[in-house]
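Notes to accompany the following structure.
For this chain, numbers begin at 1 and follow the sequence in order.
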Amino acid sequence: MSTARWLTPTSGYLQGYTHTLNPYVGCSFGCSYCYVRRMPIGLFRSEPWGSWVDRKKADPATLRRELARANGKGPVTIFFSSATDPYQPLEATAGVTRSLLEALADEPPAFTLLQTRSPLVTRDIDVLLRLQGRLRVSLTVETDREDVRKVLTPYAPPLAARWKALKELREAGIDTQAAVSPVLPYSPDFARMLADAAPRVVVDDYFGGDGSGGRRSEALGMRSLYDKNGWISWYDPSVAERLSIELRELMPEKAIGISAAGFSPPSVDTD
């Protein structure tokens with residue numbers, strides 16, 4: 001049996017979390033702006049980022065033991081997950097994320113943020129409800145424009161399916177938020193759609209959200225990609241601020257999170 005561990009102590013960008021939990025290595029969504037492309041895991045493998053994904057080599061049953069030990073030392077807060085999407089297409093058959101959620105429900109930490117852009121998350125509503133009060137699903141919706149998604153995140157799930165997933169999660173009673181991370185070019189209706197779809201919205205951009213003040217995004221060629229597509233005016237920190245202002249006209253200010261602080265556990269929210 002593998003002795004690999006699931007829980008990784010956090011540091012740096014993730015505020016308020018004691019651990020990260022990543023069920024897969026790599027990511028088949030391959031978003032153009034993903035900062036993981038510039039991390040060792042993305043640079044030291046021969047295949048292009050987005051063309052591969054592997055199951056993490058560990059027994060999901062070991063997570064219960066790790067949680068029991070960690071919970072015994074103090075409040076455990078988990079960002080699930082930080083370097084991949086927990087709902088890869090592979091998850092539909094592999095079920096790794098579901099098995100980890102079941103372990104979390106059996107040995108619950110103080111709080112878990114489940115970060116995804118996949119509507120497959122709705123498959124696990126039954127398990128998510130077991131973590132009610134200790135879990136928030138953060139579903140990425142960076143824009144409402146499919147033409148933009150097809151250029152910048154062509155292998156990610158269609159936007160319509162994500163809007164539907166937000167509705168299903170909310171109606172099921174799951175604590176949810178829409179993560180506009182990063183803000184991509186959007187239509188005038190976007191703020192209204194977000195306010196209608198989720199009780200909470202986090203707004204992030206390339207400059208605050210890549211962990212290096214925008215340098216990783218520059219290295220990925222995002223500025224030139226925007227310029228090529230006629231969107232250069234959208235490549236600016238003022239875009240996130242504009243969306244935040246639009247949301248404040250529709251939602252309570254406490255329901256709007258900004259950048260890293262917006263992803264923090266409820267006990268340390270600073271938005």
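Between T140 and Q115, some side-chain heavy-atom pair lies under the 4.5 Å cut-off. The shortest side-chain heavy-atom distance between T143 and L152 does not fall under the 4.5 Å cut-off. No side-chain heavy atom of F111 sits under 4.5 Å from any side-chain heavy atom of P75. By the 4.5 Å heavy-atom criterion applied to side chains, P109 and T77 are not counted as neighbours. Counting heavy atoms from C-beta outward, D106 and R130 have side chains that approach closer than 4.5 Å. Proximity of V239 to W231: side-chain heavy atoms (C-beta onward) are nowhere separated by under 4.5 Å. For the pair V53 and F29, the minimum side-chain heavy-atom distance is 4.5 Å or more. Between C27 and T84 the shortest side-chain heavy-atom distance falls below 4.5 Å.
For E246, the salt bridge (charged side-chain N to carboxylate O under 4.0 Å, His left out) test picks out no residue, with sequence neighbours left out. Remark: E146 pairs with R149 by the salt bridge (charged side-chain N to carboxylate O under 4.0 Å, His left out) rule, at least two apart or across chains. When the salt bridge (charged side-chain N to carboxylate O under 4.0 Å, His left out) test is applied to D144, no partner is found at least two apart in sequence or on another chain. In this structure, the side chain to side chain donor-acceptor pair (under 3.5 Å) partners of T116, at least two apart in sequence or on a different chain, are D85. Remark: R98 pairs with E102, D124, D126 by the salt bridge (charged side-chain N to carboxylate O under 4.0 Å, His left out) rule, at least two apart or across chains.
Within 6.0 Å of NZ on K167 lie no more than 12 heavy atoms contributed by other residues, nucleotides or ligands. Counting heavy-atom neighbours within 6.0 Å of R55 CZ, excluding the residue itself, gives a total of 12 or less.
Separating the CZ atom in R248 from the CG atom in L243 is a distance of 9.5 Å, to the nearest 0.5 Å. Distance check, rounded to the nearest 0.5 Å: NZ of K164 to CG of L159 gives 15.0 Å. Here the CZ-SG distance, from R117 to C31, works out to 4.0 Å after rounding to the nearest 0.5 Å. Once rounded to the nearest 0.5 Å, the distance linking CG of L114 with OG1 of T97 reads 7.5 Å. Once rounded to the nearest 0.5 Å, the distance linking CG of L166 with CG of L139 reads 5.0 Å. I258 CD1 to F263 CZ: the interatomic distance, rounded to the nearest 0.5 Å, is 10.5 Å.
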Distance-only donor-acceptor pairs under 3.5 Å for side chains of residues 220-228, two or more places apart:
{"unit_1": "R223", "atom_1": "NE", "unit_2": "E218", "atom_2": "OE2", "d": "2.9"}
{"unit_1": "R223", "atom_1": "NH2", "unit_2": "E218", "atom_2": "OE2", "d": "2.9"}
{"unit_1": "S224", "atom_1": "OG", "unit_2": "G221", "atom_2": "O", "d": "2.9"}
{"unit_1": "Y226", "atom_1": "OH", "unit_2": "Y206", "atom_2": "OH", "d": "2.9"}

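Here the side chain of T20 pairs no donor or acceptor atom with the backbone of T10 at under 3.5 angstrom. The backbone N or O of A61 lies less than 3.5 Å from no partner atom in the side chain of W6, so there is not a single donor-acceptor pair. Formation of a donor-acceptor pair under 3.5 Å by the D54 side chain with backbone atoms of G26 is not found in this model. Judged purely by atom type and a 3.5 angstrom limit, Q88 uses its side chain to pair as donor or acceptor with the backbone of S28. Judged purely by atom type and a 3.5 angstrom limit, D205 uses its side chain to pair as donor or acceptor with the backbone of F207. A donor-acceptor pair under 3.5 Å links the side-chain atoms of K56 to the main chain of R5, judged by distance alone.
Connection of I232 to L184 is established within a shared hydrophobic cluster, with ILVMFWY side chains joined at heavy-atom distances below 4.5 Å, either directly or through further cluster members. The hydrophobic cluster containing L104 also contains L129, counting ILVMFWY residues as joined when their side-chain heavy atoms lie under 4.5 angstrom apart, directly or transitively. No path of Ile, Leu, Val, Met, Phe, Trp and Tyr side chains, each step under 4.5 Å between heavy atoms, connects I245 with L247, placing them in separate hydrophobic clusters.
Partner of V137 under the side-chain contact (heavy atoms from CB on, under 4.5 Å) criterion, out of T112, V121, D175, L113: V121 alone.
For the pair F80 and P86, the tightest heavy-atom approach, listed with the atom from each and the gap, is CE2-CB, 3.7 Å. In plain terms, the two heavy atoms of N71 and P108 that are nearest each other are ND2-O, 3.5 Å. The shortest heavy-atom contact between A178 and A198 is N-CB, 3.8 Å. The heavy-atom pair separating I256 from S244 by the smallest distance is CD1-O, 4.2 Å. Closest approach of R200 and G262 over heavy atoms only: NH1-O, 2.9 Å. Here the closest non-hydrogen pair linking A179 and S138 is CB-OG, 3.5 Å.
Look at E107 and R134 and you find no salt bridge, because none of the NZ, NE, NH1 or NH2 atoms lies under 4.0 Å from a carboxylate O.
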Side chain to side chain contact (heavy atoms under 4.5 Å, CB included) between S217 and Y235, worked out: CA-CA 11 Å; S217 299; Y235 196 79; 3.7 Å; yes
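Figure legend: R242 and W234 shown as a cation-pi pair, the cationic atom lying under 6.0 angstrom from the six-membered ring centre and within 45 degrees of its axis.
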